[in-house]
Amino acid sequence: MTANFYEALAAVLQADPGRPLLETEDGRVHVRADAERESARYARLLAEAGARPGDRVAVQVEKSPAALFLYLACLRAGCVYLPLNTAYQRGELAYFLGDAEPAVIVARPESADLMRELCKGRARVYTLDENGSGSLTEAATLPQEFAPVARGPDDLAVILYTSGTTGRSKGAMVTHGNLASNARVLVDAWAFSERDTLLHALPIFHIHGLFVANHCALLSGARMLWHRKFDSKAVLRHLPRASVMMGVPTFYTRLLAEPAFGRDACGGMRLFICGSAPLLPETFAQFESRAGQRILERYGMSEAGMICSNPLDGERRSGSVGRPLPGGQLRIAGEDDRPLPAGGIGGIQIRGANVFAGYWRMPEKTREEFTADGWFRTGDVGTMDAGGYVCIVGRAKDLIISGGYNVYPKEIELAIDVMPGVAESAVIGVPHPDFGEAVTAVVVPRAGAKLDAVQLIAALRRDLANYKVPKQVHFVDDLPRNAMGKVQKALLRERYGKRGAR
């Protein structure tokens, strides 16, 4: 057995092939043998398409069981899986495909022509829709066996693109060793077992749904109730059949908005987990009152998987992401990278087997983000008390988290600033009851120019994922600046945050 993470998952799948693996909303059940068989066929198709171990496979498809089996196939074949948010548009896709240079692309049928255009014939393009149809079904005629390709713990398994503060996205290189270490820690920390049923309503182009949810279920042998997207009424119907649910704060606020949600719906639940964005204290308190359970908050990122978690057994503190998980280390450091005493506020730095290998084709950026003694600078600002509980008090570089997705203002500002009639812009996040933060643009028009907010937003939608597009646009004569000429975004957040975002 090698360090190929698929082999660890296969050991569970093969132990009881007829056991249910996942059930879709319409009642279709896929057993463990289905995952073994279909991932073998997809792996063989990738190999026959010319994808060699280490080659990238870019995937932008809707959530489906077939999409999960394709991910497993990439691991099995030793390829590097590159998930792409289904909201990404032409400009974003052109950069990702140009930078990663995938050997194979799997896209939604309606996006196939665009993908062929963008890859300029350098990749084989297959299609897959949400029902499992498309040209990828060519694999159905292929043999059902495929020996996992030998991989070492430092071999790449996945590249996850994170938005860049300078407008250029960075590809976080995640290894087979990273995946295995984090998955095993989480299964143990949250006591996952084959007796569990996980309600899975997260997208699978993001680490929360792709790694945290899937890996916990697959490695422990748990069953999944598979929802294509979060719908509060559908989730409420299936909640009595589940024992664990993972979600972002928006999931929990929407459940609380359902009059029928309460203790009766949660009778079989043992654990609610929340992450990807801060959970408001009032949501935490309201959920405990209605459900009779405390949400378990945790903290993670693309570059490291899960980093901290509130305890399964013990005090789950509102406003805290808990203690560092076993196998990893966390420190709060000052600007000189020296550790601060308990209670000090500074940069969150981490190291451990879960921490990524660096940024794809960005060796200088990788060196910049690691300290001289090997700690990764997360960019988050926080504090840790004497008991080891971590609180995140801010984010470096004005990162916005909207609906659980990271949004870097610079990328949007660059897109706005090149528009006719725009002199400059500043993008901020303002409080929003559903999304946590709403992307908001403050724009300075050129002299004599007449700009329209609706037209500006429509133009951005053509090139940016919807979650990055501003919910509101405000026009001003100039932007507030400090003595050094830097835009004072704190003042803008204070000014426009009071108005809220609809």
Side-chain angles (χ1 to χ4, degrees), residues 51 54-61 74 79-108 110-127 156 158-174 203-207 210 301-303 356-366 368-369 379 397-402 405-419 422 425 427 439 441 456-470:
D55 282 349
R56 279 72 60 204
V57 176
V59 179
Q60 190 193 39
V61 297
C74 288
C79 296
V80 180
Y81 188 75
L82 173 59
L84 296 172
N85 191 321
T86 51
Y88 286 150
Q89 301 298 316
R90 172 187 286 270
E92 297 155 315
L93 294 171
Y95 171 73
F96 297 136
L97 300 182
D99 188 57
E101 296 184 303
V104 174
I105 299 170
V106 183
R108 294 167 293 188
E110 63 270 23
S111 302
D113 289 342
L114 173 62
M115 293 295 195
R116 292 188 184 97
E117 175 190 340
L118 294 177
C119 76
K120 299 179 173 62
R122 291 191 289 266
R124 182 75 176 268
V125 178
Y126 290 96
T127 58
L156 293 191
V158 180
I159 292 178
L160 298 167
Y161 275 96
T162 63
S163 297
T165 56
T166 60
R168 184 184 179 192
S169 295
K170 308 182 296 293
M173 299 187 293
V174 180
I204 58 171
F205 50 71
H206 187 273
I207 70 161
L210 180 62
M301 63 194 312
S302 298
E303 289 91 341
F356 76 136
Y359 293 113
W360 174 255
R361 293 177 174 172
M362 289 186 174
E364 292 184 4
K365 184 64 177 173
T366 300
E368 288 174 8
E369 298 302 332
K397 303 175 183 176
D398 297 314
L399 173 68
I400 301 167
I401 299 182
S402 183
Y405 298 127
N406 290 354
V407 180
Y408 285 87
K410 191 64 178 178
E411 181 183 13
I412 304 162
E413 290 164 358
L414 289 173
I416 294 174
D417 291 348
V418 298
M419 291 183 174
V422 173
S425 66
V427 172
V439 180
L456 188 148
I457 290 172
L460 289 174
R461 281 210 173 96
R462 289 194 287 269
D463 288 314
L464 296 175
N466 191 54
Y467 67 85
K468 298 178 186 177
V469 176

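Residue indices begin at 1 and follow the sequence shown.
Panel note: side chain E92, backbone R90; no donor-acceptor pair is recorded below 3.5 Å. Distance alone, capped at 3.5 Å, is enough to place a donor-acceptor pair between the R361 side chain and the D99 backbone.
Under the side chain to side chain contact (heavy atoms under 4.5 Å, CB included) test applied with Y126, the options V59, V104, V57, V61 reduce to a single match, V104. Of the options K365, K170, E303, a side-chain hydrogen bond (donor to acceptor under 3.5 Å, both in side chains) to Y359 is made by E303 and by none of the others.
Separation of atoms CD1 (I207) and CE (M301) is listed at 8.5 Å; rounding is to 0.5 Å. Summarising the geometry, atom CG belonging to L82 is positioned 12.5 Å from atom CG belonging to D55; distances are rounded to the nearest 0.5 Å. Put simply, CD1 on I159 and OG on S302 are 12.5 Å apart, with the number rounded to the nearest 0.5 Å. One finds the CG atom of D463 at 10.5 Å from the NZ atom of K468 (value rounded to the nearest 0.5 Å). Rounding to the nearest 0.5 Å places CG of N466 at 10.5 Å from OG1 of T86.
Ring geometry for F96 against Y161 counts as tilted: the plane angle lies between 30° and 60°, on a 0 to 90° scale.
A51 and C79 get closest at one heavy-atom pair: CB-SG, 3.9 Å. Annotation for L118 and L93: closest pair CD1-CB, 3.7 Å, computed over non-hydrogen atoms. Residue L156 comes nearest to M173 through the heavy atom pair CD2-CB, 3.4 Å, listed as atom of the first residue, atom of the second, then distance. What you find for P83 and L210 is that their closest heavy atoms are CG-CD2, 4.1 Å. Here the closest heavy-atom approach between residue S169 and residue Y95 is recorded as O-OH, 2.8 Å. Considering all non-hydrogen atoms of both residues, Q60 and A87 come closest at NE2-N, 4.5 Å.
When side chains are defined from C-beta on, L97 does not count as touching R122, because their heavy atoms never get closer than 4.5 Å. Put simply, the side chain of L160 does not reach to within 4.5 Å of the side chain of F356, judged on heavy atoms. The shortest side-chain heavy-atom distance between I105 and C119 falls under the 4.5 Å cut-off. At a threshold of 4.5 Å between non-hydrogen side-chain atoms, the residues P470 and L460 count as touching. With a 4.5 Å cut-off on side-chain heavy atoms, R462 and Q89 do not count as touching.
For E364, the CD atom sits in a loose shell: 12 or fewer heavy atoms of surrounding residues, nucleotides or ligands are nearer than 6.0 Å.
Residues N85 and Y405 bring no donor and acceptor atom of their side chains to less than 3.5 Å of each other.
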Exercise for review: Evaluate side chain to side chain contact (heavy atoms under 4.5 Å, CB included) for V427 paired with E411, printing each intermediate quantity in order.
Suggested key: CA-CA 9 Å; V427 172; E411 181 183 13; over 6 Å; no
